[in-house]
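Written out below as structure tokens is the structure these notes cover.
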Amino acid sequence: MDRAAVSRIAHGDHALYSPLAEADLDEAIGLLDLEPGARVLDVGCGAGEALRRIAARWDVRATGYDTDGELVERARRAVPSAELLVAGEPPPGPFDLAVCIASSHALGGFPAALERLEGLVRPGGQVLLGEGYWRAEPSAEYLQALGATADELPDYGGLLRAAEAAGLTPLWSCAASERDWDRYEWTLVLNAERHGGEALRERAAEARRRLALPGGRETLGFALVLLRRA
């Protein structure tokens, strides 16, 4: 089973493929500053949930892309007015808004994705970034269970500083709560155990082991940040 299929099964009906609360995303969308006909790009758009919500709130020309063809088909049904592409690279800009929620890997990972996003929007354009960060220093056992390295993510302050270093000014931010994380992590575990094969059950076991470690619920964070290109 490929990685995309594993992710689809684990996330199930979860609207957002991240611990971000839907209400927080809606609040951020309401804070956008978009003229009628603004060009919007969603990097790693998945099933198009963020684009659907933006298009419902603002009069925009929406574009999204993802490498998972099945999710792109779902996005086409959810946002029929948008241009949805199966692709590994973004279409040419500039855009008035670039959205990248839990998808920085599609642009080379953190912090390289910040420079790519800055280059995708016009001067004065906006970026809506959803990115992980370390709430506390991860232990070696935690990193092993997560399958990550400590230098993959910054702390919260480092996330904001990296954005500014890339020419993006933070305007607003919120962070996923522990309740948001519980809902997200255990939804994935439940779906993996109920609907997955051996690979998914192994993934669920690793998640349980990680969460049971000291600080297992307090190490990883996720922030949604509204940024403006200088």
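No hydrogens, no waters, no symmetry mates; every other heavy atom, side chains included, goes into these values. What you are looking at is a predicted structure, and each value in this text was computed from that prediction instead of being measured.
When atom types are taken as modelled, the side chain of R229 and the backbone of G124 share no donor-acceptor pair closer than 3.5 angstrom. Side-chain N or O atoms of W134 include one that pairs as donor or acceptor with a backbone N or O of A150 at under 3.5 Å. A side-chain donor-acceptor contact under 3.5 Å links S139 to the backbone of Y142. Using modelled atom types, one side-chain atom of S103 and one backbone atom of I101 make a donor-acceptor pair closer than 3.5 Å. With N191 contributing its side chain and A10 its backbone, the two residues share a donor-acceptor pair below 3.5 Å. When atom types are taken as modelled, the side chain of W58 and the backbone of I29 share a donor-acceptor pair closer than 3.5 angstrom. The backbone N or O of S177 sits less than 3.5 Å from a side-chain atom of D180, completing a donor-acceptor pair. The backbone N or O of V72 lies less than 3.5 Å from no partner atom in the side chain of D66, so there is not a single donor-acceptor pair. Although no hydrogens or angles enter the test, the distance criterion places a donor-acceptor pair under 3.5 Å between the side chain of H11 and the main chain of S7.
Between R74 and E70 the shortest side-chain heavy-atom distance falls below 4.5 Å.
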Practice problem: Kindly determine whether V43 and Y65 satisfy side-chain contact (heavy atoms from CB on, under 4.5 Å), including the steps that lead there. | Solution: CA-CA 6 Å; V43 174; Y65 76 97; 3.3 Å; yes
Quiz item: Please walk me through it: do R122 and D96 pass side-chain contact (heavy atoms from CB on, under 4.5 Å)?
Solution: CA-CA 6 Å; R122 62 170 175 78; D96 298 289; 2.6 Å; yes
Self-check item: Derivation and outcome, side-chain contact (heavy atoms from CB on, under 4.5 Å), residues V60 and L34
Solution: CA-CA 8 Å; V60 297; L34 296 171; 3.9 Å; yes
Quiz item: When you look at T187 and D13, which way does the side-chain contact (heavy atoms from CB on, under 4.5 Å) test go after all the steps?
Solution: CA-CA 9 Å; T187 293; D13 294 330; over 6 Å; no
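For the residue pair L120 and L41, the shortest heavy atom distance occurs at CD1-CD2, 3.9 Å. Counting all heavy atoms, side chain and backbone alike, A4 lies closest to D68 at CB-OD2, 3.4 Å. Residues L51 and A62 come closest through the heavy atom pair CD2-CB, 3.8 Å. Of all the heavy atoms in L20 and D24, the pair that sits closest is CD1-CB, 3.9 Å. Heavy atoms only, all atoms of each residue included: P154 and G158 are closest at CB-C, 3.8 Å. L32 and L97 get closest at one heavy-atom pair: CD1-CD2, 3.7 Å.
From L213, atom CG reaches atom CG of L146 across 10.5 Å, with rounding to the nearest 0.5 Å. Atoms CG and CG, from L117 and L227 in turn, are 8.5 Å apart once rounded to the nearest 0.5 Å. For the atom pair T219 OG1 and L153 CG, the distance stands at 11.5 Å (nearest 0.5 Å). In this structure, the separation between CG on L128 and CH2 on W172 is 8.0 Å, given to the nearest 0.5 Å. With values rounded to the nearest 0.5 angstrom, F110 atom CZ is found 11.5 Å from C100 atom SG. Taken to the nearest 0.5 Å, the CG atom of L224 stands 6.5 Å off from the CG atom of L25.
By the neighbour-count criterion of 12 heavy atoms within 6.0 Å, atom CD of E115 is sparsely surrounded, having that number or fewer from other residues, nucleotides or ligands. Heavy-atom neighbours of E27 CD from other residues, nucleotides or ligands within 6.0 Å: above the threshold of 12. Atom CZ of R194 has 12 or fewer neighbouring heavy atoms from other residues, nucleotides or ligands inside a 6.0 Å radius.
For R208, the side chain to side chain contact (heavy atoms under 4.5 Å, CB included) partners two or more places apart in sequence, or in a different chain, are W186, V189, E193, A204, A205. Residues passing the ring-ring contact (aromatic ring centres under 6.0 Å, His included) test with H14 are Y184, sequence neighbours excluded. Shown here are the salt bridge (charged side-chain N to carboxylate O under 4.0 Å, His left out) partners of E49, two or more places apart in sequence or in another chain: R52, R53. In this structure, the side chain to side chain contact (heavy atoms under 4.5 Å, CB included) partners of A223, at least two apart in sequence or on a different chain, are Y133, Y156, L159, S173, V225.
Neither L114 nor V99 shares a network with the other; the hydrophobic side chains, linked directly or stepwise wherever heavy atoms of I, L, V, M, F, W or Y lie under 4.5 Å apart, form separate groups for each. Side-chain heavy atoms closer than 4.5 Å link hydrophobic residues (I, L, V, M, F, W, Y) into clusters, and following such links, even through other members, never connects V121 to L226. When hydrophobic clusters are built by joining Ile, Leu, Val, Met, Phe, Trp and Tyr residues whose side-chain heavy atoms come closer than 4.5 Å, directly or via intermediates, V127 is not grouped with I54. Linking ILVMFWY residues whenever their side-chain heavy atoms come closer than 4.5 Å, directly or via other members, places L129 and L160 in the same cluster. No single ILVMFWY cluster, assembled from side-chain heavy atoms under 4.5 Å apart, contains both W181 and L211.
Salt bridge status for R76 with E73: present, with a side-chain N to carboxylate O gap under 4.0 Å.
For residues 127-146, every residue pair satisfying the salt bridge (charged side-chain N to carboxylate O under 4.0 Å, His left out) rule, not counting sequence neighbours, is listed here: R135-E178.
In the hydrophobic clustering, where aliphatic and aromatic side chains (Ile, Leu, Val, Met, Phe, Trp, Tyr) are joined below 4.5 Å either directly or transitively, Y17 groups with L71.
Among the candidates R217, R203, R210, R179, the single residue satisfying the salt bridge (Lys or Arg N to Asp or Glu O under 4.0 Å) test with E185 is R210.
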